[in-house]
There are 2 protein chains.
Amino acid sequence: MKLVKNVQDQRVSNLTLDDIARLAGVSRSTVSRVVNEHPSVKKDVRQRVLDIIEENHFHPNAAARTLAMQRSWTIGLILPHSVSTFFTDPYYPNLLMGIAKACNLYSYTLALFLVSTKEDEENVFPRVGRKGFLDGVIVQSGHHGDQGIIGRMIDQKIPLVVVGRPFRSDNVTYIDIDNISAVKSAVNYLCKTGCRKIATITGPIDSTVGIDRLEGYRQAIREQNGQVDESLVVEGNFTETGGFIAMQKLLPFKPDGVFAASDVMAVGAMRAVEEANLRVPEDISIIGFDDLPAASYGSNQLSTVRQNVPELGLRAVECLIEQIGDDSIAPHGVMMDTELIIRKSCFRLAPIDQTGVK
Amino acid sequence: MKLVKNVQDQRVSNLTLDDIARLAGVSRSTVSRVVNEHPSVKKDVRQRVLDIIEENHFHPNAAARTLAMQRSWTIGLILPHSVSTFFTDPYYPNLLMGIAKACNLYSYTLALFLVSTKEDEENVFPRVGRKGFLDGVIVQSGHHGDQGIIGRMIDQKIPLVVVGRPFRSDNVTYIDIDNISAVKSAVNYLCKTGCRKIATITGPIDSTVGIDRLEGYRQAIREQNGQVDESLVVEGNFTETGGFIAMQKLLPFKPDGVFAASDVMAVGAMRAVEEANLRVPEDISIIGFDDLPAASYGSNQLSTVRQNVPELGLRAVECLIEQIGDDSIAPHGVMMDTELIIRKSCFRLAPIDQTGVK
DNA sequence: CTGATTTCTGGAAGCGCTTCCATTATAGCA
DNA sequence: TGCTATAATGGAAGCGCTTCCAGAAATCAG
């Protein structure tokens, strides 16, 4: 008795172009042309080759192809500093989903790098920067700490798209939601429903998203009141507890409306309002940001700004692929629209007022 | 005026082994040996080459290296059918984190494939199966639908680790938590605290995790009572609403203890208990599964079975790397331990009783 | 039925690396 | 010092593919 290799099975995957060429009675070049859909192959030859490829489940070796074409059809996604928030904030999973789906759509492969420590960064960077592996890179950003990695990517002259406005946004292509106008319209909405004293719970102001949303608030208030009352601006940290504490600081100033820079903080704020025996929206109207599913259920019914994160991911991929195909594209910023969702945490304007159209 | 290329910058990344060799006055082979840490290079030569590599930020081309070595140092992670639950259930982000961190640790690169439709599967598969791209693959499984993709990977003879017991688990290496004994100890715990009529809300029984947890329940009950009362077994679907409805079905049978196959369902069940004006744990003790952060806060204080998902990911990677290095390793299953966490949703045994040691 | 075009095809070089093999430099020992 | 054993190095082949180039085959006018 002897253990023999099952040739049938072996054949499944380890063939080369040459093998296919031999089987089809053509040259390697011709097979390559068939695989790459070059028009200059006679129809019957093409079909014969195609049949044999199919029959043998042949797929060209990825490394060889990448080496010859200088293209890997792989893009990298770098998520920095994300360990702690990666699973609490649905932003990341959503972004990831959008990007992964876009990669499927355009037949790219996605390489994922989670970078949580400086150590990781050193570890990951050579793999990312190295030629012959990635055609381009998407980096999630928004914090100071991310500048380092962005800078390195720029140095490498590797096609790059940053998601979220980076601190130094010149010289780099980035994509972000339009935080400023989103917040402006939220605050304006509160105004129109009759709020006279609108406060804000900001995100961390060492992040661009925190800065931008605060800036939106400031612009809106200035356009309405002319003057921002700094006692109505309290910094939060995007956590529920942070929102709770911020709201407690705000209550003595008796605001009648609050814009919270995230839904999670808004939920904390609502809890503080409740504990102070005040009512939402009768005493205080609240609008959040993100459209968290959890914030729209049950007793909360939070009004919010919805950002389409998977769409953001899709656009980032498209933007990157564009750059991969054409390296003459200049760095630029792309802004995506958001949507104001009104629920019970603030009063609702009659549609006629809302649109401003008679 | 003329636009000149900045040679300094250009040099950054596009050098080849040959260039380094020339600069160092040695042969290409020697440089390669230095890069790959072959011992047989004279110390001073090695240092000279190393300096030049450093100075020029040289990284060997990944594709060329992969082609020559038949090793990509990249592994694939396939998450099937996950769109809907991907961001509601923290399982996936956690698993992803564990795997990504392990990849960093072992200097592997992670390629991520989110497969939500049959179409995706067809699209993704050639990229995964293709030689010269992935050294091995991790597949998340547990549903019937995943058998197809697992089968294809087996056919390709590509190193494979399945996370979560697959339906056909012979012939494949998989890693899973030990659901059966985990549930047994949870149910036994309820018994020991005095519960006489313990019900269960199961997961979907077309998933192995649903099946295994139910089996654990059955085994525990059999060992205690001798007989499983089928009216105390209700199928859920891992959602809060599912848990709520299941509990409503259970209440007429007056159970005094419930094991829910997930925390999310347990939370739903608690809501149902509350609405029936019963109290946890005085009237009904409840133990869940997963140790969701949300279920441990506030009024819930849910007892639960904790599984260390990031650790599961780490082990999966280690298991895969082992296989990549040694293809003689036979398919096998790996079971990971869980931990019973007792909070206020059930009575607490004195430690002396809990351990069974006098 | 030619000769000039156009269409197809095969050969060969090259992508950048690893690694076997042969050769030379070095060390070890008598 | 001379001879062998060992260490260090260079040359060359090969990984599997794409693509340029030149030549063969097919097409079309005249």
Side-chain angles (χ1 to χ4, degrees), chain A residues 11-50 52-53 56-74 126-127 129-135, chain B residues 11-50 52-53 56-74 126-127 129-135:
Chain A
R11 208 189 47 185
V12 161
S13 71
N14 283 338
L15 294 184
T16 70
L17 263 197
D18 276 308
D19 296 322
I20 300 295
R22 204 170 311 119
L23 289 171
V26 296
S27 77
R28 169 172 57 220
S29 324
T30 298
V31 178
S32 174
R33 285 188 198 102
V34 170
V35 169
N36 294 301
E37 295 176 339
H38 265 256
S40 65
V41 178
K42 229 176 22 191
K43 210 163 177 199
D44 58 331
V45 176
R46 170 190 307 284
Q47 194 52 54
R48 181 154 39 99
V49 173
L50 240 29
I52 293 182
I53 286 176
N56 293 281
H57 300 126
F58 169 74
H59 295 293
N61 181 293
R65 169 180 274 227
T66 296
L67 180 57
M69 298 179 76
Q70 305 287 62
R71 272 301 206 84
S72 66
W73 308 99
T74 301
R127 302 217 297 284
R130 171 185 252 93
K131 285 280 156 192
F133 181 53
L134 298 178
D135 287 345
Chain B
R11 207 190 44 182
V12 160
S13 72
N14 283 337
L15 293 185
T16 70
L17 263 197
D18 276 307
D19 297 321
I20 300 295
R22 206 171 309 119
L23 288 172
V26 295
S27 77
R28 192 210 343 265
S29 324
T30 299
V31 178
S32 174
R33 285 187 198 102
V34 170
V35 169
N36 293 301
E37 296 177 336
H38 265 255
S40 64
V41 178
K42 225 167 37 183
K43 210 162 176 201
D44 57 329
V45 176
R46 171 191 307 284
Q47 195 51 56
R48 182 153 37 100
V49 173
L50 241 27
I52 293 183
I53 287 176
N56 293 281
H57 300 128
F58 169 76
H59 295 292
N61 181 293
R65 169 181 272 226
T66 297
L67 180 56
M69 297 178 77
Q70 305 286 62
R71 270 301 206 86
S72 65
W73 307 98
T74 301
R127 301 216 296 285
R130 173 187 253 90
K131 283 281 155 192
F133 182 52
L134 298 178
D135 287 345

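Since the model is a prediction, treat every value here as computed from it, not as a measurement. A note on names: the letters A, B, ... follow the listed sequences, proteins ahead of strands, and every chain is numbered from 1.
In this structure, the side chains of B/T16 and B/N61 stay at 4.5 Å or more apart for every pair of heavy atoms. Using a 4.5 Å heavy-atom threshold, the side chains of B/V35 and B/R65 count as touching.
Rounding to whole angstrom units, CD1 of residue B/I20 and P of C/dT18 are separated by 12 Å. Atom-to-atom, CH2 of A/W73 to P of D/dC17 comes out at 17 Å; the value is rounded to the nearest Å. Atom CZ of A/R46 and atom P of C/dC8 are 9 Å apart (whole Å). The CG atom of A/D19 sits 11 Å away from the P atom of D/dC15 (whole-angstrom rounding). Distance B/L17 CG to D/dA13 P: 18 Å, rounded to the nearest Å. The distance from atom NE2 of B/H38 to atom P of D/dA7 is 15 Å, rounded to the nearest whole Å. Between the CZ atom of A/F58 and the P atom of D/dG16 there is a distance of 10 Å, rounded to whole Å. Note: CG (B/D18) to P (C/dG14) measures 13 Å, nearest angstrom.
Within the nucleic acid shown, A/S40 comes within 4.0 Å of at least one base atom, counting heavy atoms only. A/V35 comes within 4.0 angstrom of nothing in the nucleic acid, heavy atoms only.
Toward the 5' end of DNA chain C, the nearer of the two residues A/V26 and B/K42, judged by each one's closest nucleotide, is A/V26. If B/L67 and B/G25 are placed on DNA chain D by their nearest nucleotide, the residue sitting closer to the 5' end is B/G25. Comparing A/R33 and B/S27 against DNA chain D, the residue whose closest nucleotide sits nearer the 5' end is B/S27.
Comparing D/dG14, D/dG16, C/dT9 against the side chain of B/A68 picks out D/dG14 as the nearest. Closest approach to the B/N36 side chain among C/dC17, C/dT18, D/dG16 is made by C/dT18 (side chain taken as heavy atoms from C-beta onward). Side chain of B/M69, nearest nucleotide from D/dC17, C/dT18, C/dC8: C/dT18.
Atom NE2 of A/H59 and atom CD1 of A/I53 lie 10.0 Å apart (nearest 0.5 Å).
Put simply, A/Q70 has no side-chain N or O that comes within less than 4.0 Å of OP1 or OP2 on D/dC17. Taking 4.0 angstrom as the limit, A/T30 places a side-chain polar atom (N or O) nearer than this to OP1 or OP2 of C/dG10. In terms of phosphate contacts, A/N61 brings no side-chain nitrogen or oxygen within less than 4.0 Å of OP1 or OP2 of D/dC15. Close to C/dC17, at under 4.0 Å from its OP1 or OP2, lies no side-chain N or O of B/R28. Under 4.0 angstrom from either OP1 or OP2 of D/dT18 there lies at least one side-chain N or O belonging to A/R65. For D/dT18, the OP1/OP2 oxygens have a side-chain nitrogen or oxygen of A/S32 closer than 4.0 Å.
In this structure a side-chain-to-backbone donor-acceptor pair under 3.5 Å is missing from B/R33 to B/S40. With hydrogens and angles ignored, the 3.5 Å screen pairs a side-chain donor or acceptor of B/S72 with a backbone N or O of B/F133. No donor-acceptor pair under 3.5 Å is formed between the side chain of A/R46 and the backbone N or O of A/E37.
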